[in-house]
K.L.:
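Mind looking over this structure? Questions follow.
For ligands, and for the atoms within them, numbers begin at 1 and follow the listed sequence.
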Amino acid sequence: MNEGKIFLSPPHMGGNEQHYVDEAFKTNWIAPLGANVDHFEQKMKYYTKAEHALALNSGTAAIHLALITLGVTKGDTVFCSTLTFAASANPIVYVGAEPVFIDSDEKSWNMCPIALQIAMEDAVKKNRLPKAVIVVHLLGLAADLDAIQSICQKYDVPLIEDAAESLGSTYKNKMTGTFGEMGIYSFNGNKIITTSGGGMLLSKKESTRRKAFKFATQAKEDAMFYLHEKIGYNYRLSNVLAGIGIGQIEVLDSHIAKRQAIFKRYEAAFAEIDGVSMMPVLAQTVPNCWLSAIRLDFEKIAVSTMEIAQRMEAVGIEVRMMWNPLHLQPSFAGAACYQANERNVSEQLFQEVLCLPSGSSMSESQQQDVIEKLLTQMMAEYIV
Ligand SMILES: *Cc1c(COP(=O)(O)O)cnc(C)c1O
């Protein structure tokens, strides 16, 4: 399959995954429960220091259950970062609520606290405070959590962290995903660790986990016969896939170190290039560097990010444009987006940012190849 192609973020197995998968076969726990699922949750709690963890079959399911356990329903609004993947906000629509998007800021590329404050003030005026705020830690970069949390506390709105991309990233030495009332991780194939498909819901309260567990298992009541008082879902993680997750947690720190080294090498390679800057890292945060991204200055480089991505694809290197902001998506047509200034920062980042191959299995010589080809593309269009 695509021999020799350099991908953005391919799966990278550590070696022990197969062993844990075999355990599931040996014990015949080929089910959405079993020892691997319990073990995976324990390992994840230990790693993140989260109070409670529930293993699920996707990050999207985790966001959906977070909203359900908060009682978000038809007629409610939920605030969400606009510069993110659609999966951050789709569950808002699943529960019949309305998404309201919040712009990014220049410092973090994540949710702008000033825009959030403006949106809250407007919500107070309309007597329609949101039922939740979903903050995303884009590309593994931590959002400005102190500022965002204090706004949420002031208006008494629960915070959900979409940490799908930021497992292992820290803010003031604490894991992203563990600040809010709830947090979620994804183990999709392209994430920093993968179970091929999977997710995790973290919560501060045990009662939240219990509630979410019930909804994840068809909302079956505790009775001798089948009794359902609510509509449930089939969202638990398979015991086979949890085996992959246990093996992946064992190599998570080494994957993070490798991705951070990749970021450093890009940083060094582009340091002298006028018109190219690296993604920003907030003070007192450590990113997992899930993806390394660069920002182009079109006053210096006369070629669009789309054009560069296409040319790199033609030479076998996967380079991606930044997420297209959700307030621009036809699927969310009509949704509001609050911003701090005249200029919408997320729209600008969408135009100017490129995500570069960042997989922990990429060799130094492969990265050198990426850098050389990128420089060739960009320098050919350099404005002097
Ligand atoms: C991947 C991702 C998700 C969804 O996770 P799945 O496990 O693919 O459902 C949600 N939010 C963000 C920001 C993501 O990158």
Side-chain angles (χ1 to χ4, degrees), residues 7-11 32 40 44 53-68 78-95 99 101-102 104 108-111 132-143 145 148 159-169 176-177 179-180 182-202 212 216 233-238 241-242 244-245 248 259 279 287-293 320-327 329 331-332 346 349-350 353 355 358-359:
F7 290 98
L8 199 70
S9 178
F40 187 36
M44 195 54 93
L54 180 68
L56 299 166
N57 57 18
S58 75
T60 310
I63 298 171
H64 191 188
L65 290 180
L67 295 175
I68 288 171
V78 173
F79 290 180
C80 181
S81 305
T82 194
L83 191 63
T84 182
F85 182 45
S88 300
N90 281 339
I92 301 170
V93 180
Y94 300 168
V95 298
F101 295 111
I102 311 292
S104 298
S108 68
W109 289 4
N110 283 304
M111 184 180 281
V133 170
I134 301 174
V135 64
V136 178
H137 303 295
L138 187 81
L139 311 180
L141 302 168
L145 281 165
I148 290 164
L159 180 68
I160 300 168
E161 288 178 87
D162 179 347
E165 302 172 3
S166 71
L167 172 58
S169 300
T176 55
F179 285 78
M182 281 173 264
I184 76 99
Y185 295 128
S186 164
F187 313 113
N188 197 10
N190 60 348
K191 296 299 182 339
I192 196 150
I193 61 170
T194 182
T195 58
S196 77
M200 188 81 64
L201 177 66
L202 312 176
Y233 302 86
N234 182 6
Y235 276 173
R236 274 292 255 176
L237 182 67
S238 146
L241 303 187
I244 305 176
Q248 286 272 278
R259 289 190 193 240
M279 61 190 188
N288 65 2
C289 296
W290 172 60
L291 291 186
S292 286
R320 286 258 183 98
M321 294 170 68
M322 174 48 86
W323 304 122
N324 185 2
L326 297 186
H327 69 274
Q329 300 288 355
S331 55
F332 294 116
S346 70
L349 292 169
F350 168 54
V353 172
C355 300
S358 307

K.L.:
Determine whether the aromatic ring centres of Y233 and Y94 lie less than 6.0 Å apart.
P.N.:
no
K.L.:
Quick test: of every protein heavy atom, which one is nearest to atom 11 (N) of ligand 1, and how far off is it to 0.1 Å?
P.N.:
D162 OD2, 2.7 Å
K.L.:
Taking only heavy atoms of T84, which atoms of ligand 1 are found under 4.0 Å from at least one of them?
P.N.:
13 (C)
K.L.:
Listed by chain and number, what are the side-chain contact (heavy atoms from CB on, under 4.5 Å) partners of S166, not counting sequence neighbours?
P.N.:
H137, A163, S169, T176
K.L.:
Are any side-chain N or O atoms of N110 and backbone N or O atoms of L138, one a donor and one an acceptor, separated by less than 3.5 Å?
P.N.:
yes
K.L.:
Can I get a per-line list of side-chain donor-acceptor pairs under 3.5 Å for residues 78-88, giving both atom names and the distance, sequence neighbours left out?
P.N.:
unit_1	atom_1	unit_2	atom_2	d
S81	OG	V136	N	3.1
T82	OG1	L326	N	3.2
T82	OG1	H327	N	3.1
T82	OG1	H327	ND1	2.8
T84	OG1	S88	OG	2.7
S88	OG	F85	O	3.3
S88	OG	D162	OD2	2.7

K.L.:
Look only at the side chain of S238 and the backbone of P32, and say whether a donor-acceptor pair between them is shorter than 3.5 Å.
P.N.:
no
K.L.:
Give yes or no for whether the N/O distance cutoff of 3.5 Å, strictly under, is met between E165 and ligand 1.
P.N.:
yes
K.L.:
With a heavy-atom distance limit of 4.0 Å, tell me whether T60 approaches ligand 1 through its side chain, its backbone, both, or neither.
P.N.:
both
K.L.:
Among protein heavy atoms, which lies nearest atom 8 (O) of ligand 1, and at what distance?
P.N.:
N188 ND2, 3.3 Å
K.L.:
Look only at the side chain of E161 and the backbone of F179, and say whether a donor-acceptor pair between them is shorter than 3.5 Å.
P.N.:
yes
K.L.:
Quick one: does K191 get within less than 4.0 Å of ligand 1, heavy atoms only?
P.N.:
yes
K.L.:
Are the side chain of S292 and the backbone of S358 linked by a donor-acceptor contact shorter than 3.5 Å?
P.N.:
no
K.L.:
Report yes or no: does A62 have a heavy atom closer than 4.0 Å to ligand 1?
P.N.:
no
K.L.:
Can you tell me if G199 contacts ligand 1 (heavy atom of the residue under 4.0 Å from the ligand)?
P.N.:
no
K.L.:
With heavy-atom distances below 4.0 Å as the criterion, list the atoms of ligand 1 near G198.
P.N.:
7 (O)
K.L.:
Show the atoms of ligand 1 that are less than 4.0 angstrom away from any heavy atom in G59.
P.N.:
5 (O), 6 (P), 7 (O), 9 (O)
K.L.:
Can you list the ligand 1 atoms lying under 4.0 Å from a non-hydrogen atom of A164?
P.N.:
2 (C), 3 (C), 10 (C), 11 (N), 12 (C), 14 (C)
K.L.:
Is a side-chain N or O of R236 found less than 3.5 angstrom from the main chain of A55, in a donor-acceptor match?
P.N.:
yes
K.L.:
Backbone N or O of C355 within a donor-acceptor pair of the R320 side chain at under 3.5 Å?
P.N.:
no
K.L.:
Atoms of ligand 1 less than 4.0 Å from S58 heavy atoms?
P.N.:
7 (O), 9 (O)
K.L.:
Distance under 4.0 Å to a non-hydrogen atom of A87: what atoms of ligand 1 satisfy this?
P.N.:
3 (C), 4 (C), 10 (C)
K.L.:
Who's the nearest protein heavy-atom neighbour of atom 5 (O) of ligand 1, and how far?
P.N.:
S186 OG, 3.2 Å
